[in-house]
Q: 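One structure, as structure tokens, below. Some questions next.
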There are 2 protein chains.
Amino acid sequence: MPNTAQPAITSADKTFYDLRSDIVDGSIGAGSKLSEADLASRYNVSRAVVREAINRLEACRIVDRKPNVGARVVTLTPEGLIELYKVREALEGMAAREAAINMSDDEIADLNALLNTHFETVQGEQRYYQEAGDVDFHYRVIMGSKNQTLISMLTEGIYHLVRMYRVQLGMAGPRVTTAFDEHKHIVQAISNRDPELAEMLMRRHITYSRNNIERKLAQEKQ
Amino acid sequence: MPNTAQPAITSADKTFYDLRSDIVDGSIGAGSKLSEADLASRYNVSRAVVREAINRLEACRIVDRKPNVGARVVTLTPEGLIELYKVREALEGMAAREAAINMSDDEIADLNALLNTHFETVQGEQRYYQEAGDVDFHYRVIMGSKNQTLISMLTEGIYHLVRMYRVQLGMAGPRVTTAFDEHKHIVQAISNRDPELAEMLMRRHITYSRNNIERKLAQEKQ
DNA sequence: CTCTTAATAATTGTCGACAATATAGTGATG
DNA sequence: CATCACTATATTGTCGACAATTATTAAGAG
């Protein structure tokens, strides 16, 4: 029998994923109290299962929990989002560097193909991909680093947080105008097996995003 | 009454800390099965409490859990330790850079004082501090970054993992010969408010540690 | 003797109930 | 009227029991 490798989804897993989705996409707003009893009846599971899910969300820093008081969806400050982007810059810069070293030729070819698909989308519609394409690109670079520690930090931690912050601060997806070119250059550096350049371009790419956010936040303050 | 701000330690917290200590310092070895029932009777708490502790350890990547099978202390490959050091390099490099920007003058003065204390220790005994001093130095730089996301990633995640790996792979503390000078130069860069240099020196410092480890691992293979 | 299969035992996942703690409300008192 | 103390309520923390799944052992066939 071929090893189909069932993940063996447990009820707590599912509740965790569901709850995370509801929070990240804004169905459960910032600062909301997460009552264990309420959630238990909402998701049709026991309180213990909800507790486990909340514990995991706390580990991802998506909720904040106080002993004997309860858990709340984190209230996000603009400064917090900036902090997050700085960490992202350091980690994804490293990911790009390692990807330039460790990605296989096939994987790089796939990445180029992905970018070409995106290019056609850009031609057709005015704007570059909204969100999915951007996530897809970054995701592949991260995986290309082949560093498991780095991969799980980014894909299980930071990314959901970034998405949540963006939704709750009312920011649209990534910048659409210049992002495509930046992606293209990063892929070129990776294709040329130039780790230093890949890192630098990725850092710059994320810095631009951060500046973009800072600008928007500054506008709102007025 | 002055706000003494009790953290309100819960039973699950304590069990988590105890268990983590026992694993990190090697009392519970690599690959050990963590039976919920056993641990419950050992720590005199219910299985639910142990479960919560194990869940948190899983979030820290200290244990590996498979649904319906159980949790084991992670078995650590030398490659895993190298991976960890690379992430550390990226994150602590960033910490040093941000510390050079965000530490207060007083905090920098304290850091210098700490280093002087260490210097006298070096004079007295032959070797530089074993472990505590090294941790203390890095800890202050990390806190100096003032970036909460970064701080919790390093102090709640990576540091315990590094310690565990070192213990289980039978490595002593940090290199004793040259580490002190490296620390001194990093503090100088921070004192001079030179973020770029501080980052570069910290990265190099950690790279040296990694090379040191790689060398030892290569020796063992023979 | 080895491999497959079925029954058994052990462990984890889930649940509802009780205990401990914090919050809200009420009333008394200065 | 404000403040404090106390009570009542609601929520979380902890526990033991049951259900579901996996690992182990035993039995039988080839």
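Given the structure is predicted, the values throughout are model-derived calculations rather than measurements. Below, read A as the first sequence line, B as the second, and so on, with proteins coming before strands; counting in each chain starts at 1.
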Q: Between C/dC15 atom P and A/Arg47 atom CZ, what is the distance in whole Å?
A: 13 Å
Q: Check whether any side-chain N or O of B/Ser11 sits under 4.0 Å from OP1 or OP2 of D/dG13, and answer yes or no.
A: no
Q: Classify the angle between the aromatic ring planes of B/His138 and B/Tyr159 as parallel (below 30°), tilted (30 to 60°) or perpendicular (above 60°).
A: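 It falls in the tilted class, 30° to 60°.
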Q: Nearest of C/dT12, C/dT23, D/dT14 to any side-chain atom of A/Val69?
A: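 Side chain of A/Val69 sits closest to C/dT23.
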Q: Mind calculating the distance between CG (B/Asn55) and P (C/dT14) to the nearest angstrom?
A: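 Atom CG in B/Asn55 sits about 11 Å away from atom P in C/dT14.
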Q: Can you tell me how far P of C/dA22 sits from CZ of A/Arg65, to the nearest Å?
A: 15 Å
Q: If you measure from the Lys or Arg side-chain nitrogens to the Asp or Glu carboxylate oxygens, is any gap between B/Asp38 and B/Arg42 under 4.0 Å?
A: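 So B/Asp38 does not pair with B/Arg42 through a salt bridge.
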Q: Examine D/dC15: is either OP1 or OP2 under 4.0 Å from a nitrogen or oxygen in the side chain of B/Ser46? Give yes or no.
A: yes
Q: Can you tell me if the side-chain N/O atoms of B/Lys33 get under 4.0 Å from OP1 or OP2 in C/dA10?
A: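 No, outside the criterion.
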Q: Both B/Ala71 and A/Asn68 contact DNA chain C. Taking the nearest nucleotide for each, which residue is further toward the 5' end?
A: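 Going by which nucleotide is closer to the 5' end, it is B/Ala71.
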Q: Starting at atom CD of B/Glu52, determine the distance to atom C1' of C/dT12, rounded to an integer number of angstrom.
A: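 These atoms are roughly 17 Å apart.
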Q: Minimum heavy-atom separation for A/Ile108 and A/Met103, please, with both atom names.
A: CG1-CB, 3.8 Å
Q: With respect to the side chain of A/Glu36, which nucleotide from C/dC15, C/dG13, D/dG13 is positioned closest?
A: D/dG13
Q: Base, sugar-phosphate, or nothing for B/Ile54, non-hydrogen atoms under 4.0 angstrom?
A: nothing
Q: Please state whether the phosphate of D/dG13, meaning OP1 or OP2, lies under 4.0 angstrom from any side-chain nitrogen or oxygen of B/Lys14.
A: no
Q: Measure from CG on B/Asp13 to P on D/dG13 and round the result to the nearest Å.
A: 9 Å
Q: Salt-bridged, A/Glu107 to A/Arg140, with N to O below 4.0 Å?
A: no
Q: Should B/Thr10 be listed as having a side-chain N or O under 4.0 Å from OP1 or OP2 of D/dT14?
A: yes
Q: In whole Å, I'd like the distance from the CD1 atom of A/Ile9 to the P atom of C/dT12.
A: 19 Å
Q: For the pair made of CG in B/Asp38 and P in C/dT12, what is the distance, rounded to whole Å?
A: 8 Å
Q: Under 4.0 Å from OP1 or OP2 of C/dT12: is there any side-chain N or O of B/Arg51 that close?
A: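 Answer no for this pair, as no side-chain N or O of B/Arg51 is under 4.0 Å from OP1 or OP2.
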Q: Using a strict 4.0 Å threshold on nitrogen-to-oxygen distance, state whether A/Arg65 and A/Glu36 make a salt bridge.
A: yes
Q: Expressed in angstrom and rounded to an integer, what is the separation of A/Lys66 atom NZ from D/dA10 atom P?
A: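 So the two atoms are 22 Å apart, to the nearest Å.
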